[in-house]
Amino acid sequence: MDAEYVVVGAGFAGSVMAERIASVLNKKVLVIDKRGHIGGNCYDCPDEHGILIHKYGPHIFHTVNEEAWNYVSNFTEWNLYQHEVLAFIDGHYAPVPFNLNSIRALFPGSFAQKLENKLLEKFGFNKKVPILDLRKADDADLKFLADYVYEKVFLHYTEKQWGMKPEDLSPEVTGRVPVFVSRDNRYFQDRFQGMPVKGYTPVFEKMLSNRNIRVDLNTDYRKVRGQLKYKKLIYTGPVDEFFEYKFGKLPYRSLDFGFENHKKEFYQDASVINYPNDYGFTRITEFKRLTWQKADSTTIIKEFSKACEKETDIPYYPIPADEPVKLYKKYEEEAKNNKNVIFLGRLAQYKYYNMDAIIASSLARFKELKVEG
Ligand code: FAD
Ligand code: UDP
């Protein structure tokens, strides 16, 4: 295929760009991915028991960005799912993000009331307070609460997930799950939330089924880069790999997944239960509670985080901390010298992006490309 545009990676970053170039510019696009499927880390498929699973960990779509929501809505209808998470703390299940209901679940009535009053007085109702900020409170009761939440919700979970303490990561990481002075148990308050009715993979199938797009799977950019001809390359793989690690390897966190099928209708009382302090995994997700699938058995996934070290480890999370970001900046500078390459996505931009942020930034980058011609 003679393609003016080559896209490396068939996740959201690559697929949005391919779809826009093919549909709006009416140009030919070759998409390659080293995996045997499209969808990147959002890929889902039925397991051997017929349960729709997310192969690379649970994905819930949520956004405040109307453009991103409308864009994906061109390719799917939605179950209007609203995500709620429990954390297993000292033998009890409490809502996370930690909120006024969590206080009630974990502390006796009169003390819970006192903590609640103090939070309301200091921050006001419906306010979100990152744990690292709450820890700066000087009131003795709020300090007690902050230390408790830090220790029981954040510290050990973060050590498991990142191999680091919360304060050694960018505040944006634990800031994703702030203490919420509210009785709203939802994980996200975004205006648009949902799960694609038929799953994520059909979304990608629709995006990429355009006569201008050819998808070559099981094709590793490192093996074919010498043979590719293009006007523009859109690269969504790891940025350090693209530059053959010339400044050194960027660190990533990888995951091992433990899938289990249980011969009962449901396994647990929430879609996701976090285990900050117990066991080796960080959380358990029950897919049927996300997808609303009806079936006699149920499949769960346990997530075990680890450093990304072996060739076969998948780089899932860039690490938002000073040293890695400093190293990334060198690659970012180098990338600017490659005018015919667009670096896009979680791995190429080394950013802890959610799906909606990837879609929004790909749509924005496409608009620039349209102007550049
Ligand atoms: P990817 O999806 O990683 O796609 C990159 C693609 O490039 C991959 O398919 C890869 O195989 C391919 N590639 C890499 N190197 C090469 C090469 N050399 N040659 C050819 N192909 C290559 N976001 C949310 O909004 N909500 C969630 O609930 C959510 N949950 C998540 C849970 C987990 C466990 C993880 C890891 C992420 C989660 N995310 C979630 C984030 C979401 O997965 C990302 O935002 C999104 O997948 C990033 O899209 P991308 O296209 O940048 O990268
Ligand atoms: N976090 C935590 N305890 C929790 C939930 C989250 O310590 O019960 C911290 C942890 O550092 C985690 C980060 O907040 O990596 C972001 O959580 P999120 O659920 O957004 O992570 P993701 O779904 O991206 O893995």
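Because only heavy atoms are used, hydrogens play no part in the values below, and waters and symmetry mates are left out as well, while side chains stay in. Just so you know, ligand 1 is whichever comes first in the structure, and atom 1 is the first atom listed for that ligand.
Annotation for Asn117: atom CG counts as buried by contact number, over 12 foreign heavy atoms lying within 6.0 Å. In the displayed structure, Phe111 atom CZ is contacted under 6.0 Å by more than 12 heavy atoms of other residues, nucleotides or ligands. By the neighbour-count criterion of 12 heavy atoms within 6.0 Å, atom NZ of Lys294 is sparsely surrounded, having that number or fewer from other residues, nucleotides or ligands.
Ligand 2 has at least one atom lying under 4.0 Å from a heavy atom of Arg283. The shortest separation from a heavy atom of Pro238 to ligand 1 is under 4.0 Å, placing the residue in contact. For the pair His54 and ligand 1, no heavy-atom separation below 4.0 Å is found. Contact between Thr219 and ligand 1 is present, with at least one heavy atom of the residue lying under 4.0 Å from the ligand. For Tyr317, the closest heavy-atom approach to ligand 1 falls below 4.0 Å.
Ligand-side atoms of ligand 1 in range of Cys42: 47 (O), range being under 4.0 angstrom from any heavy atom. If you number the atoms of ligand 1 from 1 as listed, the ones under 4.0 Å from a heavy atom of Glu241 come out as 18 (N). Annotation for ligand 1: atoms under 4.0 Å from non-hydrogen atoms of Ile358 are 45 (O), 48 (C), 52 (O). Each of the atoms 36 (C) of ligand 1 lies under 4.0 Å from some heavy atom of Tyr316. Taking every heavy atom of Tyr353 and a limit of under 4.0 angstrom, the matching atoms of ligand 1 come to 41 (C), 44 (C), 45 (O). Per-residue contacts place Gly11 under 4.0 angstrom from the following atoms of ligand 1 (heavy atoms of the residue considered): 2 (O), 4 (O), 51 (O). For ligand 1, the atoms closer than 4.0 angstrom to any heavy atom of Gly9 are 6 (C), 7 (O), 12 (C). Remark: ligand 1 atoms within the under-4.0 Å shell around heavy atoms of Tyr221 are 17 (C), 18 (N), 19 (N), 20 (C).
Residue Lys34 places at least one N or O, backbone or side chain, under 3.5 Å from an N or O of ligand 1. Taking only nitrogen or oxygen atoms, main chain and side chain alike, Tyr157 does not reach within less than 3.5 Å of ligand 2. For a threshold of 3.5 Å applied to N or O pairs, the pair formed by Leu155 and ligand 2 contains no separation below that value. In terms of N/O distances under 3.5 Å, ligand 1 is approached by Phe12. The shortest N/O to N/O separation between Leu347 and ligand 1 does not fall below 3.5 Å. Remark: ligand 2 and Trp162 share an N or O pair separated by less than 3.5 Å (distance only, no angle test). In terms of polar-atom proximity, Val96 is not counted as a contact of ligand 2, lacking any N or O under 3.5 Å from an N or O of the ligand.
For the residue pair Asn99/Arg186, the side-chain donor-acceptor check at 3.5 Å is not satisfied. Side-chain N/O atoms of Asn101 and Arg183 include a donor and acceptor closer than 3.5 Å.
The residue from Thr158, Val153, Val173, Ile60 that puts a heavy atom closest to atom 13 (C) of ligand 2 is Val173. Looking at Phe154, Tyr187, Tyr353, Phe98 and measuring to atom 19 (O) of ligand 2, the nearest heavy atom belongs to Tyr187. Taking all heavy atoms of Asp33, Asn218, Leu255 into account, the minimum distance to atom 8 (C) of ligand 1 is reached by Asp33.
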Derivation and outcome, side chain to side chain donor-acceptor pair (under 3.5 Å), residues Ser305 and Tyr317 = CA-CA 10 Å; Ser305 178; Tyr317 290 87; over 6 Å; no
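Checked against the 6.0 Å centroid threshold, Tyr56 and Tyr200 do not count as a close aromatic pair. Ring pair Phe88/Tyr279: centre-to-centre distance not below 6.0 Å.
Judged by the 6.0 Å and 45° rule, Lys288 forms a cation-pi pair with Phe266. In this structure, Arg176 forms a cation-pi arrangement with Tyr352, its terminal cationic atom sitting closer than 6.0 Å to the ring centre and no more than 45° off the ring axis. Remark: Arg20 is not positioned above the aromatic ring of Tyr71, lacking an NZ or CZ atom under 6.0 angstrom from the ring centre and at most 45 degrees off the axis. Geometrically, Lys232 does not engage Tyr5 in a cation-pi contact, judged by NZ or CZ lying under 6.0 Å from the ring centre and within 45° of the ring axis.
Protein heavy atoms are absent from the 4.0 Å sphere centred on atom 53 (O) of ligand 1.
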